[in-house]
Amino acid sequence: MIHKAVLPVAGFGTRCLPASKAIPKEMITIVDRPVIQYVVQEAVAAGIRDIVLVTHGTKSAIENHFDKHFELEASLEAKGKTDLLEELRSIVPADVNIISVRQPEPLGLGHAVLCARPVVGDDEPFAVLLPDVLVDGEGLARNDLAGMIDSFEKTGHSQLMVEEVPHALVHKYGIVDTGGELPGPGESRPIAGVVEKPPVDEAPSDLAVIGRYVLPGRIFPLLAETPPGAGNEIQLTDAIETLRREEGVDAFRMQGKTYDCGHQLGYLEAILAYGRRHARYGQGFRELLSRYADEE
C-alpha cells in the first residue's frame with residue numbers, strides 16, 4: 001500500500017506575483033482554507049499517511065499551518081468556540097504525519113523530489129502531488145489519486161495522471177502518446193512518451209499531464225544520475241522517460257476536474273467551484289454571483 005506523498009513547495013511562485021511576494025503561493029486561500037490544505041486532504045482521502053513537504057526557508061508559514069497552535073487552541077477552548085477548535089484540529093488527522101525537508105537550491109522539480117529520498121527511501125513507491133493544481137473529486141466515490149494508486153498496485157507501472165484538454169490548447173501542455181489507444185476515464189494505458197508543448201497538428205493525443213504521479217523508489221537513483229536538462233534544471237520527466245524505457249509507464253485518465261491555482265484565473269475559477277457548494281458560505285455566495293450577474 002502506498003502511504004507516502006511528496007509535495008514540492010519550495011518554488012517562488014512567480015506566476016502568482018505580487019500576491020506571493022511575502023505569502024507562499026500555497027497559502028493563498030480558496031474560500032476559507034489555503035490551497036495546500038486541499039492538496040493534503042486529497043492525499044489523505046487516497047490513503048496517504050505520510051506527507052513529505054519539500055520546502056524552503058521562506059515557506060515556514062506552510063509548516064506552521066499544519067503544526068499545532070497550542071495558544072490559539074487554548075484561547076478558542078476558553079471562549080467556548082468549539083466548532084472553530086474542531087476545525088483547526090481536523091486540518092491534519094491524528095494518524096497523518098507532516099514531514100518537512102529542505103531544498104537548498106532551486107534546481108528543478110526532479111531535484112525537489114530527490115530531496116525527499118532520505119524520508120521515502122529507494123524501496124518504497126510513493127505519490128507526487130504538485131500543489132499548483134487542485135484535483136476536484138466532487139461526486140466521485142473515490143478520488144482520482146486513489147484510482148491511480150490502484151492502477152499502480154495492479155500493474156507495477158509508474159502512473160501519470162492526465163486530463164483531456166481542448167485540442168486547440170495542446171501546445172500549452174505536456175501531452176502523452178498512448179499509441180492511439182486512449183484510456184477511458186478512470187483507466188490507465190501504457191505510454192510511448194510525453195511530448196512537451198507540441199504544435200497542435202503534431203500532438204499525439206489531447207491528454208495532458210497535470211501534476212500527479214505515482215512512482216517507485218527506483219526513481220531516486222535515476223534522479224541522482226540525471227544531468228541538468230531544460231533550464232539547466234534536473235527534470236523529473238527525464239527520469240520518468242528512463243523508467244518508461246526500462247519498465248513501462250502508464251497514463252491514468254482522471255474522472256474529476258482540475259484548477260490551475262498557479263495562475264490568477266485558475267484561482268478565481270477554483271473559488272467559484274468550491275465557493276458555490278461550500279457548506280457554510282455556499283448559499284450566500286451563490287446569491288452574490290446572481291446579484292453581480294444581474295448587474296452586467
Side-chain angles (χ1 to χ4, degrees), residues 5 7-9 11 13 15-20 23-48 51 53 59 61-62 64-66 83-93 96 98 127-148 161-166 169 173 185-186 208-212 253-296:
L7 278 61
V9 297
R15 288 199 300 165
C16 296
L17 287 170
S20 58
I23 300 171
K25 64 177 181 179
E26 298 85 1
M27 291 299 296
I28 300 174
T29 57
I30 301 295
V31 190
D32 60 347
R33 63 199 63 190
V35 170
I36 189 69
Q37 186 173 333
Y38 289 96
V39 179
V40 168
Q41 289 171 340
E42 174 194 349
V44 170
I48 300 295
I51 306 289
L53 302 174
K59 298 293 190 84
I62 298 174
N64 292 341
H65 180 71
F66 292 107
D83 289 346
L84 278 176
L85 180 61
E86 289 307 310
E87 195 167 348
L88 280 187
R89 288 176 173 171
S90 67
I91 289 175
V92 181
V96 172
I98 304 291
V128 175
L129 290 77
L130 304 190
D132 284 353
V133 178
L134 289 186
V135 178
D136 187 3
E138 179 71 9
L140 300 179
R142 301 174 70 229
N143 69 19
D144 282 305
L145 182 62
M148 190 165 66
M161 192 180 291
V162 297
E163 177 183 38
E164 185 174 14
V165 298
L169 300 180
Y173 301 93
V209 180
I210 57 143
R212 298 291 185 272
R253 185 172 176 179
M254 65 177 299
Q255 301 177 79
K257 181 172 174 56
T258 63
Y259 302 98
D260 180 7
C261 292
H263 186 275
Q264 287 82 350
L265 287 177
Y267 268 114
L268 292 174
E269 186 179 7
I271 289 170
L272 287 172
Y274 286 82
R276 284 167 57 89
R277 65 172 189 254
H278 194 280
R280 186 180 305 159
Y281 306 117
Q283 181 176 345
F285 186 61
R286 291 191 298 272
E287 291 171 359
L288 285 174
L289 291 176
S290 296
R291 185 206 308 169
Y292 279 92
D294 291 341
E295 290 178 0
E296 292 183 359

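The chain is numbered in sequence order, starting from 1.
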Of all the heavy-atom pairs spanning [X] and [Y], show the shortest one and how long it is.
X: G11; Y: K59; value: O-NZ, 2.7 Å
X: A43; Y: I51; value: CB-CD1, 3.8 Å
X: P131; Y: V35; value: O-CG1, 3.3 Å
X: H278; Y: D32; value: NE2-OD2, 2.9 Å
X: Y259; Y: G266; value: CB-O, 4.2 Å
X: M148; Y: M161; value: SD-N, 3.5 Å

Taking the side chain as every heavy atom from C-beta outward, state whether [X] and [Y] have any pair of such atoms under 4.5 Å apart.
X: T258; Y: L134; result: no
X: V135; Y: I210; result: yes
X: R33; Y: I91; result: no
X: V92; Y: V40; result: no
X: H65; Y: E26; result: no

So with a 6.0 Å cut-off around CD1 of I271, is the heavy-atom count from everything else above 12? yes
Taking CD in Q283 as the centre, count heavy atoms belonging to other residues, nucleotides or ligands within less than 6.0 Å. Is the count above 12?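 Counting neighbours around CD of Q283, 12 or fewer heavy atoms of other residues, nucleotides or ligands fall under 6.0 Å, so no.
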Distance, nearest 0.5 Å, that separates [atom1] of [X] from [atom2] of [Y]:
X: I98; Y: I62; atom1: CD1; atom2: CD1; value: 11.0 Å
X: N143; Y: Q41; atom1: CG; atom2: CD; value: 11.0 Å
X: I36; Y: D132; atom1: CD1; atom2: CG; value: 9.5 Å

Under 4.0 Å between a Lys/Arg side-chain N and an Asp/Glu carboxylate O for R280 and D83?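 Answer for the salt bridge query: no.
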State whether E138 and R276 are salt-bridged, where the test is any N-O pair (Lys NZ or Arg NE/NH1/NH2 against Asp/Glu carboxylate O) under 4.0 Å.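 Judged by the 4.0 Å cut-off on N to carboxylate O distance, E138 and R276 do not form a salt bridge.
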Where do L272 and L289 land on the side-chain contact (heavy atoms from CB on, under 4.5 Å) test, with the steps shown first? CA-CA 9 Å; L272 287 172; L289 291 176; 3.5 Å; yes
With ring-ring contact (aromatic ring centres under 6.0 Å, His included) as the test, pick out the partner of Y274 among Y281, F285, Y38.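 So the option named by the test is Y38.
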State which residue, out of D144, V133, V162, fulfils the side chain to side chain contact (heavy atoms under 4.5 Å, CB included) condition with R212.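 Considering D144, V133, V162, a side chain to side chain contact (heavy atoms under 4.5 Å, CB included) with R212 is found only for V133.
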Does the side-chain contact (heavy atoms from CB on, under 4.5 Å) test come out yes or no for I30 and Y267, once each step is laid out? CA-CA 7 Å; I30 301 295; Y267 268 114; 3.4 Å; yes
